[in-house]
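We number each residue from 1, following the sequence as shown. Both backbone and side-chain heavy atoms feed into the values below; hydrogens, waters and symmetry mates do not.
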Amino acid sequence: MRVAFQGEAGAFSEAAAVQLLGGKITTVARPTFDATFRAIAEGAADALLVPVENSLAGSVVRVYDLLLESQLSIAAETILRIEHQLIGCPGGSLRELRSVASHPVALAQCERFFQSHPHLKRVAAEDTAGSVREVLARGDKAYAAIAGRRAAQEYGGVILAENIEDNPENFTRFVLLLPVDQAAKFAKRDARKMSIAMRLAHRPGSLLSALEPFAQHRINLMKIESRPIPGSPWIYQFFLDLEADSAAQFDAALTEVRKATSEVRILGLYAAANLAAAK
């Protein structure tokens, strides 16, 4: 399977793809989320592996927007623990550093490290792994980057400081996206988690009416989030993650939910990832 991800070789997304699907897959690096979502249509990949939520930074909103625009379905999910490493050139040391580059989110998640080393200049980059590649290509021991271990291995960097993230409870949830017909074949017997998107009808109490059936059918509402709909000011799309014991519960609840909404789309039915396994 060829699996496209956003970023460069060594990125956290690539590590998540290998964690979920094994080392025999072929990973396909794409520069942006938009390019990643075009990969299947362009014949460059068979599936996508994209982040949807970080336990500290929140949802990856561009991915949700692109998922709605696509005809892809969530077939599986995996949770990756995010451990930030300070990576420099061989022979370098922490004492020699003057500048550290990484994605803005990674820089922000290592605030205590920078407070302890106030002389270091922070440089925002497009990608964690890409910043490591650029540091190694530069070959200057005064420069380093923050990324995962996989990036250090990919580009031959050395880890100057380990696990410098502020909060060890730092996890990112990734989903595997496939064309709908392929996702159905991928479905597992223990698929008890469903993601949906819905638009509410314009009448008082519509949100309550849309959510009540889930409680009545003993479905666990794990997440709810609203997003603006481009071109429709003050009208929102709601994204929900749900968990039930059986498909029959989902079917019964959704029949009632559709009466209280103007649109419901099932984004995927899949097996829930095990957070404990990621720790």
Inset, instruction - Please confirm whether the backbone N or O of A35 pairs with a side-chain atom of T32, one donor and one acceptor, at under 3.5 Å? - result: yes
Legend entry - Test: D127 and R133 ion pair at under 4.0 Å: no
Legend entry - Gap separating the CZ atom of F171 from the CD atom of E169, nearest 0.5 angstrom: 4.5 Å
Legend entry - No-hydrogen, no-angle side-chain donor-acceptor test under 3.5 Å, K223 and S59: yes
Inset, instruction - Answer with yes or no whether the side chains of N170 and Q109 bring together a donor and an acceptor at under 3.5 Å. - result: yes
Legend entry - Hydrophobic cluster identity match, I74 and V63, side-chain contacts under 4.5 Å: yes
Legend entry - Side-chain donor/acceptor of H103 to backbone N/O of V105, under 3.5 Å: yes
Legend entry - Donor-acceptor under 3.5 Å (Q249 side chain, S246 main chain): yes
Legend entry - Smallest separation among heavy atoms of H84 and A106, with atom names: CE1-CB, 3.7 Å
Legend entry - Shortest non-hydrogen contact from Y155 toward A129: CE1-O, 3.6 Å
Inset, instruction - May I have the step-by-step check of side chain to side chain contact (heavy atoms under 4.5 Å, CB included) for F214 and L240, ending in yes or no? - result: CA-CA 11 Å; F214 298 125; L240 288 75; 3.7 Å; yes
Legend entry - Least distance between heavy atoms, G91 atom then E96 atom: O-OE2, 3.8 Å
Legend entry - Shortest non-hydrogen contact from A210 toward L200: CB-CD2, 3.9 Å
Legend entry - For Q6 against A11, the heavy-atom pair lying closest together: O-CB, 4.4 Å
Inset, instruction - Would you kindly check if the NZ (Lys) or CZ (Arg) of R122 is within the cone defined by 45 degrees around the ring axis of F114 and under 6.0 Å from the six-membered ring centre? - result: yes
Inset, instruction - Check whether NZ of the Lys or CZ of the Arg R62 lies under 6.0 Å from the centre of the six-membered ring of F33 and within 45 degrees of that ring's axis. - result: no
Legend entry - Salt-bridge criterion met for E263 and R265 (N-O under 4.0 Å): no
Legend entry - Expected output: side-chain N220 to main-chain E243 donor-acceptor under 3.5 Å: no
Inset, instruction - Using only heavy-atom distances, determine whether the side chains of Y270 and S73 contain a donor-acceptor pair under 3.5 Å. - result: no
Legend entry - 4.5 Å side-chain heavy-atom contact, L21 and V3: yes
Legend entry - Sidechain N-carboxylate O distance under 4.0 Å for E162, R149: yes
Legend entry - Heavy-atom side-chain proximity of Y236 to I229 below 4.5 angstrom: no
Inset, instruction - Nearest 0.5 Å please: distance from the OG1 atom of T261 over to the CE atom of M198. - result: 7.0 Å
Legend entry - Joint hydrophobic cluster, I266 plus F239, side-chain heavy atoms closer than 4.5 Å: no
Legend entry - Check: E77 and K193 side chains under 4.5 Å, non-hydrogen atoms: yes
Inset, instruction - Write down the atom of G88, the atom of A144, and the distance for their closest heavy-atom approach. - result: CA-CB, 4.2 Å
Inset, instruction - For the residue pair I146 and I87, establish whether any side-chain heavy-atom pair is separated by less than 4.5 Å. - result: no
Inset, instruction - Flag yes if L80 and V52 sit in one hydrophobic cluster, no otherwise; membership is Ile, Leu, Val, Met, Phe, Trp, Tyr, and two members link when side-chain heavy atoms are under 4.5 Å apart. - result: no
Legend entry - Within 6.0 angstrom of R192 CZ, more than 12 heavy atoms from elsewhere: no
Inset, instruction - Check whether any side-chain heavy atom of L178 sits under 4.5 Å from a side-chain heavy atom of F186, and report yes or no. - result: yes
Legend entry - Note, V100 side chain near V123 side chain (heavy atom, < 4.5 Å): no
Legend entry - Flag, side chain of D46 to backbone of M1, donor-acceptor distance under 3.5 Å: no
Legend entry - Flag if over 12 foreign heavy atoms under 6.0 Å of CD, E126: no
Inset, instruction - Would you indicate whether R2, at its atom CZ, is surrounded by more than 12 heavy atoms from other residues, nucleotides or ligands within a distance under 6.0 Å? - result: yes
Inset, instruction - Step by step, work out the side chain to side chain contact (heavy atoms under 4.5 Å, CB included) result for T27 and F5. - result: CA-CA 7 Å; T27 53; F5 66 94; 3.7 Å; yes
Legend entry - Distance in Å, L211 CG paired with S206 OG, rounded so as to fall on 0.5 Å steps: 9.5 Å
Inset, instruction - Would you check if L86 and I159 make a side-chain contact, meaning some heavy-atom pair closer than 4.5 Å? - result: no
Inset, instruction - First locate atom CG of L267, then atom CD1 of I196, and finally report the distance between them rounded to the nearest 0.5 Å. - result: 8.0 Å
Inset, instruction - Could you tell me whether R227 and D65 make a salt bridge, using a distance below 4.0 angstrom between a side-chain N and a carboxylate O? - result: yes
Legend entry - Working for side chain to side chain contact (heavy atoms under 4.5 Å, CB included), residues E8 and E154: CA-CA 10 Å; E8 298 193 28; E154 178 74 28; over 6 Å; no
Inset, instruction - Kindly work out whether a path of hydrophobic side-chain contacts (I/L/V/M/F/W/Y, heavy atoms less than 4.5 Å apart) joins L176 to I25. - result: yes
Legend entry - N/O donor-acceptor pair under 3.5 Å between S262 side chain and R199 backbone: yes
Legend entry - Expected output: side-chain S70 to main-chain L72 donor-acceptor under 3.5 Å: yes
Legend entry - Atom NZ of K121: over 12 foreign heavy atoms under 6.0 Å: no
Legend entry - Heavy-atom check, side chain of I219 versus side chain of L221, under 4.5 Å: no
Inset, instruction - Could you walk me through whether R112 and E165 pass the side chain to side chain contact (heavy atoms under 4.5 Å, CB included) test, one step at a time? - result: CA-CA 8 Å; R112 283 203 292 267; E165 65 275 5; over 6 Å; no
Inset, instruction - In plain terms, say whether R173 and E53 are close enough for a salt bridge, that is, a side-chain N and a carboxylate O under 4.0 Å apart. - result: yes
Inset, instruction - Ignoring hydrogens and angles, tell me if any N or O in the side chain of Q85 forms a donor-acceptor pair with the backbone of N163 under 3.5 Å. - result: yes
Inset, instruction - Go through R30 and E42 one step at a time and tell me if the salt bridge (charged side-chain N to carboxylate O under 4.0 Å, His left out) criterion holds. - result: CA-CA 12 Å; R30 304 285 279 189; E42 292 175 356; 2.6 Å; yes
Legend entry - V18-V132 co-clustered via ILVMFWY side chain contacts under 4.5 Å: no
Legend entry - Gap between atom CG of L107 and atom CG of L120 - 0.5 Å precision: 11.0 Å
Legend entry - Check ion pair E83-R81 (N to O, under 4.0 angstrom): yes
Legend entry - Inter-residue atom distance F12.CZ - N54.CG, 0.5 Å rounding: 10.0 Å
